[in-house]
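For reference, the structure discussed in these notes is given below.
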Number of protein chains: 2
Amino acid sequence: MVTLNQKQFAPERLDRLRAALRQNRMARVEDLCRELNASPATVRRDLTHLEQLGEIQRVHGGAVSVDSKIEEPLFDAKTSIASKEKQQIAKAALDFVKPGDTIYLDGGSTVLELARLLRDHTNLTVVTNSLRAALELAGRGPRLILVGGELRRLSQTVVGPLTENILREIHVDTAFMGSMGLSSDSGLTTTDPNEAFTKKRVMDSARQVVVLVDSSKEGKVAFSHAGKLEDVDVLITDGKLSKDFVRSLTEKKIKVVKA
Amino acid sequence: MVTLNQKQFAPERLDRLRAALRQNRMARVEDLCRELNASPATVRRDLTHLEQLGEIQRVHGGAVSVDSKIEEPLFDAKTSIASKEKQQIAKAALDFVKPGDTIYLDGGSTVLELARLLRDHTNLTVVTNSLRAALELAGRGPRLILVGGELRRLSQTVVGPLTENILREIHVDTAFMGSMGLSSDSGLTTTDPNEAFTKKRVMDSARQVVVLVDSSKEGKVAFSHAGKLEDVDVLITDGKLSKDFVRSLTEKKIKVVKA
DNA sequence: GCGATTATGGTCGCATTCGATCGGAGGTCA
DNA sequence: TGACCTCCGATCGAATGCGACCATAATCGC
């Protein structure tokens, strides 16, 4: 069994890491070793842990604090990996949008690309918890229904228990979901428990679930469980998934689409 | 040791490239090398990377920024012509915001000005159905709760029956409302029935109702009844209201504040 | 107290990054 | 058009960082 909640890391060291990364918004592993009197292996472990919690972002040679990036919600914080792929994935997802449908758009940069492609689809109803997706469609486009609830600044999405008040009232034909992590064992994962909560509710009530992720998410496991692979009907990704992973998906009757 | 060989991360370099290219619309590889303290090969690699992301366009000898940011004309238009009166009204409304409060922000340009003033109030919870108010506070500021429901494009607010699902769950200390029309006979009025519906629900559950309108709304009557004057506790406006109207308001125990 | 689980540190093979070199393409000027 | 020069992309090598594995120490449960 996978032990998700191993939180017995030295809390003091984690706090000092957080502090160091809040002060300067980036730090090198080497420096952190000296400062914390710890080995590189330990520092790396802690950093990956913090990354799973969504508090920092790892980069080669160190880490950067993710807080410094939320000031510009319009600017994509994670552009360091692939956007051509994301656009292609979004384009492939269009095949699953039928006129007259009611669809749900989740947060995440890949789904955001899909939102951009829907600006000319007027015979459509879009439900979303993503502020940025809503912005794309605020001027013109389909009928737009926003999910209500508390705004999570990091992802610019509306999450948490309050979202349930609207989600239980509506049922969408197809839900287009993003995900921070995607693995055979842990399924869909994301950093924030509230966000995971909302994702589960959406996937429960959707007639069809389409997951849009680029291949860099393969094997990643983030903090919170956001859904089982069994709940996914279609997975759209770029062509770089490992064969083993694709096989394990098709065995679960998930249709894998390569954009 | 000279700080010549200061290590830097790839993402930081990308950010600095973006910044340099946003400032001047074009930059040469040679200059970027000096600025980033990197070799031409590295700069070229980063530039091609950014080009793949679609953020810039390579040219011989350097790169130019491709301004893909087509701001919605809807937003620019109304936000730029925020009159002095509206700003002053918003400023006066700040007196009714106490630390720790939960407040509601309605749509409308005057209330939007108030949202702008709240970006440094972190000890506060803001509930709103206004997409533009949410945007003002999306990057930083108070805890932000969005009301869910159908987006009305004209006002960029969330309105209609679905909003009730969240509104009945929450109770705010003070609701700051806008209005299209304000008259002794018809009270508060607005153009859209759905919008009126939502306004009524908010005013019902708010402990205190503060209406923010400039004096041009006096005597105007719009299509849908959105609330009775008796439900209003405070009216903040500029100093151009007619004496008769002010008297009729104070007779109804409404506190009139001139900004 | 003892076994089991967990945290930490060291080592090794591998991946990533960066800079240098080189052949060739593209731009410039007569 | 052709000569000349600059710049570009591809490839390679060096350096560094990284994850995986294992050993050891600490801690917890029984």
Side-chain angles (χ1 to χ4, degrees), chain A residues 1-18 20-21 26-53 56-64 78-82 84-85 181-186 214-223 240-242 244-245, chain B residues 1 3-17 20-21 26-53 56-64:
Chain A
M1 186 62 71
V2 187
T3 57
L4 255 177
N5 227 348
Q6 44 184 353
K7 236 186 142 43
Q8 282 85 3
F9 281 35
E12 184 228 353
R13 225 190 18 246
L14 286 184
D15 276 343
R16 289 174 66 183
L17 278 176
R18 275 187 269 255
L21 274 165
M26 56 176 29
R28 288 181 298 170
V29 173
E30 185 187 335
D31 297 339
L32 293 173
C33 286
R34 234 180 313 109
E35 186 150 345
L36 304 184
N37 256 337
S39 75
T42 305
V43 170
R44 271 188 262 272
R45 259 189 293 263
D46 290 350
L47 288 180
T48 55
H49 190 214
L50 284 178
E51 187 185 31
Q52 284 188 342
L53 291 174
I56 66 167
Q57 187 178 353
R58 284 300 313 269
V59 295
H60 202 84
V64 300
K78 324 175 228 184
T79 39
S80 47
I81 19 179
K84 272 280 187 294
E85 282 85 356
L182 189 69
S183 82
S184 304
D185 295 335
S186 305
D214 61 273
S215 56
S216 70
K217 307 291 169 57
E218 176 187 343
K220 286 231 177 103
V221 178
F223 179 61
K240 293 173 192 153
L241 283 191
S242 74
D244 286 348
F245 193 53
Chain B
M1 180 195 309
T3 61
L4 237 178
N5 202 5
Q6 51 177 353
K7 264 286 216 180
Q8 50 182 343
F9 304 122
E12 184 198 0
R13 256 202 335 266
L14 290 183
D15 275 344
R16 290 173 66 182
L17 281 176
L21 276 167
M26 64 182 345
R28 289 183 306 170
V29 173
E30 186 187 338
D31 298 337
L32 293 172
C33 286
R34 247 203 333 281
E35 185 150 348
L36 303 184
N37 206 16
S39 77
T42 305
V43 171
R44 271 187 260 272
R45 255 191 295 264
D46 290 346
L47 288 180
T48 56
H49 192 191
L50 284 179
E51 188 183 29
Q52 282 183 344
L53 294 177
I56 66 165
Q57 189 176 353
R58 286 300 309 274
V59 293
H60 201 81
V64 299

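Residue numbers begin at 1 in each chain, while the letters A, B, ... track the order of the sequences.
Computed from C1' positions of five pairs at each end, the angle between the two local axes of the helix from C:dG1-D:dC30 to C:dA30-D:dT1 equals 40°, rounded to 10 degrees.
Remark: B:Gln52 CD to A:Glu85 CD distance equals 7.5 Å, nearest 0.5 Å.
Atom-to-atom, CZ of B:Arg58 to P of D:dT6 comes out at 18 Å; the value is rounded to the nearest Å. Residue B:Leu47 contributes atom CG, which lies 14 Å from atom P of D:dC7 at whole-angstrom precision. Protein atom CD of B:Glu12 is 11 Å distant from nucleotide atom P of C:dC18, rounded to whole Å. The distance from atom CD of A:Glu30 to atom P of C:dG9 is 16 Å, rounded to the nearest whole Å. At whole-Å resolution of the value, CG in B:Asp46 and P in C:dG19 are 10 Å apart. Nucleotide C:dT16 holds its P atom 9 Å from the NE2 atom of A:His60, rounded to whole Å. D:dC22 atom P lies 14 Å from atom CZ of A:Arg45, rounded to whole Å. Between the NE2 atom of A:His49 and the C1' atom of D:dG19 there is a distance of 17 Å, rounded to whole Å.
B:Ile56 has its side chain out of reach of B:Leu17: every pair of non-hydrogen atoms, C-beta onward, lies at least 4.5 Å apart. Between B:Asp15 and B:Glu12 the shortest side-chain heavy-atom distance does not fall below 4.5 Å.
Listed nucleotides: C:dG26, C:dA20, C:dG10. Nearest to the side chain of A:Ser39: C:dG10. Distances from the side chain of A:Arg13 to the nucleotides C:dT8, C:dC18, D:dG17 place C:dT8 closest. Listed nucleotides: C:dG9, C:dG19, D:dG17. Nearest to the side chain of B:Thr42: C:dG19. Comparing C:dG27, C:dG9, C:dT17 by their closest approach to the side chain of A:Ala41 singles out C:dG9.
Contact between A:Glu218 and A:Leu241 at its shortest, heavy atoms only, is OE1-CD2, 3.2 Å. The two residues A:Arg13 and A:Ala38 have their closest heavy-atom pair at CD-CB, 4.4 Å.
Side-chain contact of A:Asp214 with A:Ser216: a donor-acceptor pair under 3.5 Å is present, judged by distance alone.
Residue B:Arg28 places none of its side-chain N or O atoms closer than 4.0 Å to OP1 or OP2 of D:dT6.
Take B:Arg45 and apply the side chain to side chain contact (heavy atoms under 4.5 Å, CB included) test, not counting sequence neighbours, and it matches B:Ala41, B:Thr42.
Contact annotation for B:Val59: backbone-only contact, meaning every heavy-atom pair under 4.0 Å involves sugar-phosphate atoms and none involves a base.
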